[in-house]
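Both counts, for ligands and for their atoms, begin at 1 and track the order of listing.
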Amino acid sequence: MRIPHSLLNKMGKPKIGVIDVPFAKGQRKHGVQKGPKVLRDAELLQKLKEHCRADIKDYGCVEYKPSSAPTTTNLLNFGDVAACNKQLAKMTETIMKDGRTCLSLGGDHSIAFGSISGHCKAKNGNVAVIWVDAHADINTDATSDTGSMHGMPVALLAKEIEGYWKSRPKFDWHKPCISLKNVGYIGLRSIDPYEEFFISKYGITVYDMDHIQNMGIQSVIDNVLKKIDPDNNRSLHLSFDIDAIDPQFAGSTGTPVPGGLLVREGISIANALHKTGRLDGMDMVEVNPNLGCENLQKKTITTAVEIILAAFGSRKRGFPSDMPPLVPSTSG
Ligand SMILES: [Mn+2]
């Protein structure tokens, strides 16, 4: 099969726009706002250049005015979540319209509300979302015990869930933009009762840890893509919550759940999406360097970096065409 030149270019030399979203108010644990900094300190950008030959434009940090907008519901820090995501949606749209894959460095998972909302705007709604997570993040103000909005981004984005809010927050910049038909979960192992209700009522594509163990990760990925993007023509968004990975490798995160993905499996998911040539958005969220011992913090950060590199085609075998020829000094 001949690969179209445009695709080859994209796969060979990814164009990335990086944006920091040091946001922690979608939950209650301090430290997750340091995610972007620790990923950068681990030389993420240099490695993207070296291992993926990436052309990177650094868009810096999302700036927003903290807001104390009142809400009639129990949503924790609603004003801040709304203000930050509004800015992130704008930036994401800009980055994608600049022809770059948008890499959002969180922060807690509430930021996927903004990144995916912006992605939908940039691609006229023709988007499919791969949500890699231990949790389904599809609670509303009517189903959440805690009010933490990092457990709600899928519910905010999904058209089907619009009627299930006690008092659905109103946003002047966002309308639900995703159909649950185009959302696929990988790695779930902690699902709340009403989340299970939404999953079965709307037939959401779910491959939990049992599926992964029984089928193998590659066939899980193939099946997810077949279901959420049957015509292979959607712009893809990978929302990667580091808590999908087993806590022994990535335990520095707010809500770890035992029995998760191997690092190798996370890399396989990211790399498979890269190979589609249609990965236009990625979030890496919930890395919290305040949690766990120093060794675990390091492992968590390294794991997150490796998964991001895989999403942009990291090739550990090098780039022979870039090397000067190697000639033996003696024959024989
Ligand atoms: Mn999550």
Asker: Is any NZ, NE, NH1 or NH2 atom of the basic residue among Asp108 and Lys25 found under 4.0 Å from an Asp or Glu carboxylate oxygen of the other?
Answerer: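 Salt bridge absent between Asp108 and Lys25.
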
Asker: Just so I know, are the side chains of Lys57 and Asp98 near enough to count as touching, which here means a heavy-atom distance under 4.5 Å?
Answerer: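 Lys57 reaches Asp98 side chain to side chain.
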
Asker: OH of Tyr194: more than 12 outside heavy atoms within 6.0 angstrom?
Answerer: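 No, not enclosed.
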
Asker: With the Mn ion (ligand 1) as the reference point, give the N/O/S atom of Asp137 that is nearest.
Answerer: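 So the atom name we want here is OD2.
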
Asker: Relative to the Mn ion (ligand 1), which of the N, O or S atoms in Asp241 is the closest?
Answerer: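 Of all N, O or S atoms belonging to Asp241, OD2 is the one nearest the Mn ion (ligand 1).
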
Asker: When you draw lines from the Mn ion (ligand 1) to ND1 of His109 and to OD2 of Asp133, what angle lies between them, to the nearest 10°?
Answerer: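 ND1 of His109 and OD2 of Asp133 make an angle of 90° at the Mn ion (ligand 1), to the nearest 10°.
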
Asker: With under 30° as parallel and over 60° as perpendicular, where do the rings of Trp131 and His109 fit, or are they tilted in between?
Answerer: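 It falls in the parallel class, under 30°.
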
